[in-house]
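Chain letters run A, B, ... following the sequence lines, proteins first, then strands; residues in each count from 1.
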Protein chains: 2
Amino acid sequence: MHADEDIMPMAEREPSPRKGSRTAARVRASALKLFARHGYAAVSMRQIASDVGVQPSALYNHFPTKQDILKDLMLSHMRDLLDAWPPFADEAGQSADPLDVFVRFHIRYHLQRREEVFISYMELRNLEPESFAEVEAERRRYESILKAILEDGQKSGAYRIADTGVAARAIIAMLTGIPNWYRENGPLSADKIEEIYLEMVRGSVAATPLTASIESD
Amino acid sequence: MHADEDIMPMAEREPSPRKGSRTAARVRASALKLFARHGYAAVSMRQIASDVGVQPSALYNHFPTKQDILKDLMLSHMRDLLDAWPPFADEAGQSADPLDVFVRFHIRYHLQRREEVFISYMELRNLEPESFAEVEAERRRYESILKAILEDGQKSGAYRIADTGVAARAIIAMLTGIPNWYRENGPLSADKIEEIYLEMVRGSVAATPLTASIESD
DNA sequence: TGAAAATGAATGATCGTTCATTTACTTTTC
DNA sequence: GAAAAGTAAATGAACGATCATTCATTTTCA
């Protein structure tokens, strides 16, 4: 839509491209951090203002309400996520298997944008109905990417899946849980995590459900 | 594992077993519903009192603070969950496979106690550090049940798992996501859901990662 | 009769938001 | 290029509403 500090303003009053302090972007950054840490309802406009280094009333030069800040953060996150797909060939591994590509992409993106991801799940219920519907629509669009991959593999006989919609949700839930426990400085590299989950995901949809030896006929 | 209305007080002032209105239990029920729907931080003591049908000050005859209500709900949920394991032979299917039993148990329990489950995940950050540590310890105990099952299967050669701790978290994340989308009156029966997820979980840890045809020797 | 439970009123604190005013900066004019 | 004009951004004070909690008093009930 236009460039603000770096990217992505949305609902606030459109600032002409000044060269100044880019307050709107700093409001977004502070709100993102605070909402992720304490939750939308537990964060006050005064806290955000204080973190930005400005008086509370100044926030209203950039966002009409607190709700609009949340809306901005969540919608721009969903758009960024969908814009980032598909990854460039040098990202997310160079496998030819679309499921591999998706799994690696999802894990990397979700580990890179922890706060955005966290907010976009946790604060759904604090969105006004219209914004909720928008975010939900984007989420379904994302889900349908994986669903299409699973359907293709199903048709080709590579996968055996009872319900591709359910499977897509199951896989995404599994992958999205990673940032809840994974720590950069932990014993496992991000690459190793990708491999472990990739293997589990492949197994969960593989055309040999649990009867590995019965498959012989 | 327990009846909702009567037993299970915890942090509030212990009421002698009067036969009266059991207000404490009604406070728990209202708070559970409201916290699940709007979030702890967005629910006021006045709302809870109004839902119970009592004046706000009356709540303090049963719980010293709002925080204690949350603590009570979350800790008693975790204890109930752990107490409910292992299921009786006539619950959660009668499979001899411990993984089957766990998966069915987890799905059923989480579909039966949606609000408790939801709160216990969403409101973790609103707990005081000490209570958080307690809940977290219980969560790890639960996780270790599955981890032990995976380790056994690993040793016996039934499963092939790179990291049983990671696999346990992955499986639990996958299963715990079900209540987010599953609806009783939807197209899928709870039993069908169990079967679908069971097959996916089995596949994700099966000793035939993705090389289905190499298993022939 | 005694204790638990509920009431009604009040506490000070904090909430999101508004607004008149001042400050900072860009654009226009000379 | 400097001064003037114009606009966006920030301030400081204030609004009414609502917050969790307290407490003296009354009611309920064993």
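Atom C1' of nucleotide D:dT18 and atom CD of B:Q47 are separated by 11 Å, given to the nearest angstrom. One atom, NZ of A:K66, and another, P of C:dT18, lie 15 Å apart when rounded to the nearest Å. Here the P atom of nucleotide C:dA5 and the CZ atom of B:R26 are 12 Å apart, to the nearest Å. In this structure, OH of B:Y60 is placed 5 Å from C1' of D:dT21, rounded to the nearest angstrom. When the P atom of C:dA10 is taken as reference, atom CD of B:Q55 falls 14 Å away, rounded to whole Å. The distance from atom CZ of A:R46 to atom P of D:dA14 is 14 Å, rounded to the nearest whole Å. Counting to the nearest Å, the C1' atom of D:dA10 and the CZ atom of A:R22 are 15 Å from each other. One atom, CG of B:L59, and another, C1' of C:dT7, lie 12 Å apart when rounded to the nearest Å.
Between A:Y109 and A:F105, the ring planes are tilted. Angles from 30° to 60° get that label. Using bins of under 30°, 30° to 60° and over 60° for the plane-to-plane angle, the ring pair A:Y142/A:F102 lands in the tilted bin.
Salt bridge annotation for B:E116-B:R28: absent, with no cationic side-chain nitrogen under 4.0 angstrom from a carboxylate oxygen. Residues A:K71 and A:E130 are not paired through a salt bridge, judged by the lack of any N-O separation under 4.0 Å between the basic side chain and the carboxylate. Checked for salt-bridge contact, A:K33 and A:E115 miss the test: no charged N lies under 4.0 Å from a carboxylate O. Contact check on B:R202 versus B:E199 returns no salt bridge, with no Lys/Arg side-chain nitrogen under 4.0 Å from an Asp/Glu carboxylate oxygen. Ion pairing of A:K192 with B:D163 is absent here, as no side-chain N (NZ or NE/NH1/NH2) approaches a carboxylate O to less than 4.0 Å.
Taking a 4.0 Å limit (strictly below) on heavy-atom distances, residues 125-133 of chain A does not reach DNA chain C anywhere. Within residues 33-45 of chain A, the residues that have a heavy atom under 4.0 Å from DNA chain C are, in order of number, A:V43, A:S44, A:M45.
In this structure the side chain of B:W85 never reaches within 4.5 angstrom of the side chain of B:H106, judged on heavy atoms.
With D:dG12, C:dA9, C:dT17 as the choices, the nucleotide that has an atom nearest any side-chain atom of B:S57 turns out to be C:dA9. Nearest nucleotide to the side chain of A:T23, out of D:dT21, D:dA9, C:dA6: D:dA9.
The salt bridge (Lys or Arg N to Asp or Glu O under 4.0 Å) analysis of residues 165-186 of chain B, with sequence neighbours excluded, yields the pairs B:E143-B:R169.
You won't find any donor-acceptor pair under 3.5 Å spanning the side chain of A:N61 and the base of D:dA8, going by distance alone.
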